[in-house]
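Hydrogens, waters and symmetry mates are skipped; everything else that's a heavy atom, side chains included, is used.
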Amino acid sequence: MSENSPAPTPTRSVYGFVMYIASYTLFFIYLIWAYIPDPWLHSLGLTYWPQKYWAVAIPVFVCCCLAIFALLIYPGVSLMMTPDLSSIQTITDEYARNPKPAVKGSIPPIYDIPISEVCHKLYLKKKSSVK
């Protein structure tokens, strides 16, 4: 098995289980901090906690960052990676599938439509019969 394989291994399963338990533990601690009043926490001997303001501010900040990433940064990076319209990569690449003959009466195999056929269908004007 390759070292870079995404297949599950015993080491990955242990790390995954530890991360699963740690995330639920941290979430439980967060909920305790956010909902239990400060006098109750102080009576338990837990005296140093951040202000309750951060219980709301941090999730809002994270959601805003995710929204900015999803609506601005990710589409911008995708557009920057898109080749120019004059590039040959917009027409074909090494993964293009050429049309193959199909058995009569069956569903034709999947293939990439050649650019000449696309232009013919889209832009070639049909001769209209004017009477």
Side-chain angles (χ1 to χ4, degrees):
M1 192 176 305
S2 174
E3 185 176 321
N4 294 328
S5 171
T9 61
T11 306
R12 287 183 184 167
S13 63
V14 170
Y15 283 139
F17 180 71
V18 169
M19 288 175 57
Y20 174 78
I21 296 297
S23 66
Y24 271 98
T25 304
L26 289 173
F27 183 65
F28 183 69
I29 291 170
Y30 167 77
L31 289 178
I32 288 173
W33 166 58
Y35 287 110
I36 294 183
D38 281 334
W40 289 15
L41 293 174
H42 291 297
S43 68
L44 295 174
L46 304 170
T47 58
Y48 181 74
W49 290 88
Q51 294 177 354
K52 300 287 183 173
Y53 163 81
W54 294 108
V56 175
I58 290 175
V60 168
F61 179 73
V62 169
C63 287
C64 288
C65 289
L66 286 174
I68 288 171
F69 178 78
L71 297 175
L72 298 175
I73 296 172
Y74 187 71
V77 169
S78 296
L79 287 173
M80 287 175 50
M81 291 175 36
T82 303
D84 292 333
L85 288 176
S86 60
S87 173
I88 191 69
Q89 291 177 336
T90 58
I91 297 172
T92 187
D93 62 1
E94 64 269 14
Y95 302 107
R97 294 180 178 218
N98 296 323
K100 296 178 182 171
V103 178
K104 187 174 182 177
S106 68
I107 299 173
I110 296 175
Y111 67 92
D112 293 328
I113 302 172
I115 191 68
S116 58
E117 187 177 335
V118 172
C119 290
H120 180 72
K121 295 280 186 189
L122 289 176
Y123 305 116
L124 188 62
K125 295 183 179 181
K126 296 179 182 176
K127 294 181 181 179
S128 59
S129 58
V130 178
K131 295 182 183 178

Check residues 72-86 and write down every donor-acceptor pair under 3.5 Å in which the side-chain atom is one partner and the other belongs to a residue at least two apart or another chain.
unit_1 : atom_1 : unit_2 : atom_2 : d
Ser78  : OG     : Tyr74  : O      : 3.1
Thr82  : OG1    : Ser78  : O      : 2.8

Could you go through residues 27-35 and list every donor-acceptor pair under 3.5 Å that involves a side-chain atom there, pairing it with any protein atom two or more places apart or in another chain?
unit_1 : atom_1 : unit_2 : atom_2 : d
Tyr30  : OH     : Ala55  : O      : 2.5
Trp33  : NE1    : Pro50  : O      : 3.0

request  = Output all residues satisfying side chain to side chain contact (heavy atoms under 4.5 Å, CB included) with Ser106, sequence neighbours left out; order by chain, then residue number.
outcome  =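 If we apply the side chain to side chain contact (heavy atoms under 4.5 Å, CB included) test to Ser106, skipping adjacent residues, the hits are Ala102, Val103.
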message = Gln51: which residues meet the side chain to side chain contact (heavy atoms under 4.5 Å, CB included) condition with it, sequence neighbours left out?
response =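 So Gln51 forms a side chain to side chain contact (heavy atoms under 4.5 Å, CB included) with Tyr53, Trp54.
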inquiry  = Hydrophobic cluster membership, with links at side-chain heavy-atom distances under 4.5 Å among I/L/V/M/F/W/Y: are Val18 and Tyr24 in one?
reply    =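 Different hydrophobic clusters.
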ask   = How would you list all residue pairs meeting salt bridge (charged side-chain N to carboxylate O under 4.0 Å, His left out) that involve residues 52-65, not counting sequence neighbours?
value =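 Found Asp38-Lys52.
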Side-chain polar contacts of residues 110-120 - donor-acceptor pairs under 3.5 angstrom, sequence neighbours left out - could you list them?
unit_1 : atom_1 : unit_2 : atom_2 : d
Asp112 : OD2    : Arg97  : N      : 2.9

inquiry  = Does atom CG (Leu124) have a neighbourhood of more than 12 heavy atoms from anything else shown, all under 6.0 Å?
reply    =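 Yes.
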